[in-house]
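Scroll down for the structure; my scribbles are underneath it.
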Amino acid sequence: MGTKIDYVRGDATTPLGKGPKVIAHVCNDMGGWGKGFVLAISKRWPEPEAAYRHWHRERASNDFALGAVQVIQVDRLLWVANMIGQHGTRTGSKGVPVRYEAIDTALATVSARARELNASVHMPRIGCGLAGGKWERVEPLILARLVSDHVPVTVYDHG
């Protein structure tokens, strides 16, 4: 297993390599699904968006909150992890929407799931697009939660 993150050019919705895979991405805590990487996911599979919307709608009686994760199987050896790591959708008086603690908590859950599934984890630069986060803050969380647990991680840069 690697001791680092593999960086590749490409699309995280078409993850590289063999074996079981989990595509991890960040969602907001407002029930909004309509901008950024989620659009690429919805183009390929309807299930993650449907599951997220249902999870948000039923939030009074479930674990929907910052740091929570929902893992949805979309193919025989492929899952999508909806991680709630962003508060709201726009930068305001409280700063950017990204919540590093929530991403950290969510990545620990994803790590445990990936190990159960014997899967590698694939993602864009989570939390750094619309959420406004800084990769220098996110990368160490991935190293601590996934890579140090011997979960192979590939990060995809578009273009």
Side-chain angles (χ1 to χ4, degrees), residues 1-8 10-13 15 20-42 45 47-49 51-56 59 62-74 78-117 119-158:
M1 297 290 177
T3 51
K4 61 178 187 43
I5 298 169
D6 282 319
Y7 288 92
V8 299
D11 177 357
T13 65
K21 298 178 188 71
V22 175
I23 297 170
H25 72 109
V26 167
C27 303
N28 64 65
D29 63 356
M30 307 276 286
W33 181 293
K35 283 196 173 94
F37 185 69
V38 296
L39 295 178
I41 288 176
S42 290
W45 313 281
E47 301 91 347
E49 177 178 358
Y52 169 80
R53 291 192 184 281
H54 181 262
W55 191 27
H56 178 261
R59 66 191 176 281
N62 66 34
D63 66 347
F64 184 96
L66 283 167
V69 180
Q70 189 185 43
V71 180
I72 302 99
Q73 188 163 10
V74 294
L78 188 61
W79 290 262
V80 172
N82 292 338
M83 304 187 297
I84 311 295
Q86 171 184 335
H87 179 60
T89 55
R90 51 179 56 89
T91 299
S93 58
K94 298 211 179 3
V96 294
V98 72
R99 291 293 177 271
Y100 298 108
E101 321 70 53
I103 290 175
D104 187 43
T105 302
L107 286 171
T109 304
V110 169
S111 178
R113 241 357 226 122
R115 284 177 317 203
E116 272 168 34
L117 297 166
S120 53
V121 174
H122 302 259
M123 63 181 78
R125 290 192 186 230
I126 56 168
C128 296
L130 297 165
K134 302 250 180 291
W135 189 245
E136 313 72 271
R137 298 270 314 268
V138 175
E139 187 185 50
L141 304 177
I142 295 166
L143 290 168
R145 294 296 185 181
L146 294 163
V147 176
S148 72
D149 271 347
H150 307 289
V151 175
V153 177
T154 304
V155 170
Y156 295 75
D157 285 314
H158 237 331

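When all heavy atoms are compared, the tightest approach of Ala114 to Val121 is CB-CG2, 3.7 Å. Scanning all heavy atoms of the two residues, the minimum distance from Pro124 to Ala12 falls at N-CB, 3.8 Å. The nearest pair of heavy atoms linking Ala131 to Pro97 is O-CD, 3.1 Å. When all heavy atoms are compared, the tightest approach of Val69 to Ala81 is CG1-CB, 4.1 Å. Residues Ile72 and Ala51 share a closest heavy-atom pair of CG1-CB, 3.7 Å. Among all heavy-atom pairs drawn from Ala106 and Ala68, the shortest one is CB-O, 4.3 Å.
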Show, in sequence, the C-alpha distance, side-chain angles and deciding distance for His25 and Asn82, and conclude whether the side chain to side chain donor-acceptor pair (under 3.5 Å) test is met. CA-CA 6 Å; His25 72 109; Asn82 292 338; 2.6 Å; yes

For Ile142 and Met123, run side-chain contact (heavy atoms from CB on, under 4.5 Å): C-alpha distance rounded to whole Å, both residues' side-chain angles, the deciding distance at 0.1 Å, then the answer. CA-CA 11 Å; Ile142 295 166; Met123 63 181 78; 3.6 Å; yes

Residues Arg125, Val138; criterion side-chain contact (heavy atoms from CB on, under 4.5 Å); working and verdict: CA-CA 8 Å; Arg125 290 192 186 230; Val138 175; over 6 Å; no

Stepwise side-chain contact (heavy atoms from CB on, under 4.5 Å) test for Val22 and Arg113: CA-CA 9 Å; Val22 175; Arg113 241 357 226 122; 5.8 Å; no

If you apply the rule side chain to side chain donor-acceptor pair (under 3.5 Å), what do you find for Trp33 with Asn28, and how did you get there? CA-CA 8 Å; Trp33 181 293; Asn28 64 65; over 6 Å; no

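To the nearest 0.5 angstrom, Thr154 atom OG1 is 5.0 Å from Asp6 atom CG. Atoms CG and NE2, on Asn62 and His54 in that order, are 8.5 Å from each other to the nearest 0.5 Å. How far CD1 of Ile23 is from CD1 of Ile41: 6.5 Å, rounded to the nearest 0.5 Å. Atom CD of Gln70 is separated from atom CE of Met83 by 12.5 Å, given to the nearest 0.5 angstrom. Annotation: the span from Asp104 atom CG to Thr109 atom OG1 amounts to 10.0 Å, rounded to 0.5 Å. Leu117 contributes atom CG, which lies 12.5 Å from atom NZ of Lys21 (distance to the nearest 0.5 angstrom).
Heavy atoms from other residues, nucleotides or ligands lying under 6.0 Å from CZ of Arg53 number more than 12.
Taking the six-membered ring where the residue is Trp, Trp55 and Tyr52 present perpendicular rings, their angle passing 60° and hence far from 30°. Note on ring orientation: taking the six-membered ring where Trp is involved, the planes of Tyr7 and Trp135 are perpendicular (angle over 60°, cut-offs 30° and 60°).
Screening Pro152, Pro20, Pro15 for a side chain to side chain contact (heavy atoms under 4.5 Å, CB included) with Ser120, the sole residue that qualifies is Pro152.
With contacts defined as side-chain heavy-atom distances shorter than 4.5 Å, the pair Leu107/Ile126 qualifies. Counting heavy atoms from C-beta outward, Leu143 and Ile5 have side chains that approach closer than 4.5 Å. In this structure, the side chains of Asp11 and His158 come closer than 4.5 Å at one or more pairs of heavy atoms. Residues Gln73 and Trp45 fail the side-chain proximity criterion, which asks for heavy atoms closer than 4.5 Å.
When atom types are taken as modelled, the side chain of Tyr156 and the backbone of Thr13 share no donor-acceptor pair closer than 3.5 angstrom. A donor-acceptor pair is defined here as one N or O able to donate and one able to accept, closer than 3.5 Å; no such pair exists between the side chain of Asp149 and the backbone of Val151. In this structure, the side chain of Gln86 engages the main chain of Gly88 through a donor-acceptor pair within 3.5 Å.
Considering only residues two or more places apart in sequence or on other chains, Arg59 meets the salt bridge (Lys or Arg N to Asp or Glu O under 4.0 Å) condition with none of them.
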